[in-house]
Amino acid sequence: MPELVSPKPKPPPPASPLLPLRVEGLCYEQGRQRLLDGIDATVEHPGCTVILGPNGAGKTLLLRLLHGLLVPSAGRILWASGPQSEALRRRQAIVFQRPVLLRRSAAANIDYVLRARGFPRAKRPGRIADLLALAGLDDRAARPARVLSGGEQQRLALVRALALEPDVLFLDEPTASLDPASTLAIERLIRLAQGRGVKSFLVTHDIGQARRLADEVLFLHHGRLDEQAAAKPFFKAPGSSRARAYLDGRLVL
Amino acid sequence: MNDIAAAFALALALIRAADPDLVEIVALSLRVSLTAVALACLVGLPLGAALAVLRFRGRGALVLLVNVLMGLPPVVVGLLVYLFLSRSGPLGAFGLLYSPSAMILAQFVLVTPIVAAIARQVVADLHAEYDEQFRAWGIGPWRRVGTLLHEGRHSLLTAALAGFGRAIAEVGAVIIVGGNIDHATRVMTTAIALETSKGDLALALALGLLLLGLAFAVNTLAMVLRHAERGRAHA
Ligand SMILES: Nc1ncnc2c1ncn2[C@@H]1O[C@H](COP(=O)(O)OP(=O)(O)OP(=O)(O)O)[C@@H](O)[C@H]1O
Ligand SMILES: [Mg+2]
């Protein structure tokens, strides 16, 4: 399908080396329950793939499977170079729905991941300062990460993930319960990363945010992929009736 | 009744005057127990953290062993260490029996399982919280051990304090391997046992009061640390 002409053309993001991503017959079971059921999808767009769906649809599970934190019960996940591996995971980063911050200062949180990845010692302080500035946390560097406000914690978790210079970024509701300004600050960081060629997968319940950031949408429902579509047509007229209901704010059953 | 009141007054006088015998006994007690606890932490903290994080064959048996050792009566520990250090024992050649070193060793054996068991619990709880993030970052098991010991540092300090409380208050092990020799291996608890049996209640009471004070100090410190930690976590 030819690209639609957008009124505010943004430069196409640089191609991501891990794409295309192919998901084939992906299932995840826990006990007798099938929580994800036969998901087939191909993701080629290097920008932002937004994953939508009601609570319990399986969005978080899908992210964890894609990142290789869970093992599929059936089906495959194939990145451009092959199946998920420890080496591939090092080129990806995830920000959890509830970020896990270490019990140390904001700066030390970033220092920790840099050290773990063998980032040269001499360059660390400069890099940490840059990342904290990016998050607008320059004056919070020495503060224990766990006393930061919710929004500050989310921003710290996001730049800490970016510190690893990932090719792919998984974001699980990074702005849930944040005020509009903090939300925009996070979105600015996501766009910035995209400008540098980072492919992102974003789970959100904020439809406005989805509209602002999405290049492509995956709509999940009850563990199934109901619809995969480019952002524009999806928000104009979603193909599935459930997606339509979800966007309208009606109860999806 | 009058006897007790008189002994009490005398005890306070001894403390106030910093009686040399009293000071010597207290100093040795502190030296022995603090050294034993420091060594126990050096071994017990990494051991406990490793038991919480690493998965290896025989881990379950080791956890069981630590828990069993934690409940050992001090006299049994004293007896075991005595057997090791006695002239015919495996460490007999060093001639350590009836020296402060022997007492340090006995308290070390007594306290290490306590420190290890508490460390294991603390680190296991933290690990449950951090595990997925660690996996996402590709953090290996040994780095996890180090990281979690650091993350749990405040709770682990209370493990050290618990170990110190046990060491300083214990009498059975040090009396067997130390022998309660005047000016050599007499510590607070063994002195109390001896002076009481001799009927010299003043010195015994003075030492008892000091032990009580130490117990208060240690527990207050532990409580303050716990509160500070809670404040940090929920602020
Ligand atoms: N370990 C587990 N054991 C059993 N059920 C699980 C487990 N993990 C997730 N589930 C179930 O799988 C379903 C999907 O969970 P998931 O966390 O992916 O939902 P979600 O789409 O992210 O929802 P939300 O929008 O509320 O975050 C839920 O019904 C959840 O209860
Ligand atoms: Mg979720």
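Within every chain, numbering begins at 1; the chains are lettered A, B, ... in the order of the sequence lines, protein sequences first and strands thereafter.
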Does the plane of the ring in A:Tyr112 sit parallel, tilted or perpendicular to the ring in B:Phe134? Use 30° and 60° as the thresholds.
tilted
Per-residue contact mode, A:Val113 against chain B (heavy atom under 4.5 angstrom)
side chain
Part of A:Arg98 lying under 4.5 Å from any heavy atom of chain B:
neither
Neighbour count >12 (heavy atoms, 6.0 Å) for atom CZ, A:Arg117:
yes
Count the heavy-atom pairs under 4.5 Å between each of A:Glu86, A:Gln92, A:Arg90, A:Arg64 and chain B, then report the option with the highest count.
A:Arg64
Only pairs of heavy atoms separated by less than 4.5 Å count here; which of B:His150, B:Arg153, B:Glu132, B:Glu129 has the most with chain A?
B:Glu132
Report yes if the side chains of B:Trp137 and A:Leu164 come closer than 4.5 Å at any heavy-atom pair, otherwise no.
yes
Assess the side chains of B:Gln107 and B:Ser33: does a donor N or O sit below 3.5 Å from an acceptor N or O?
yes
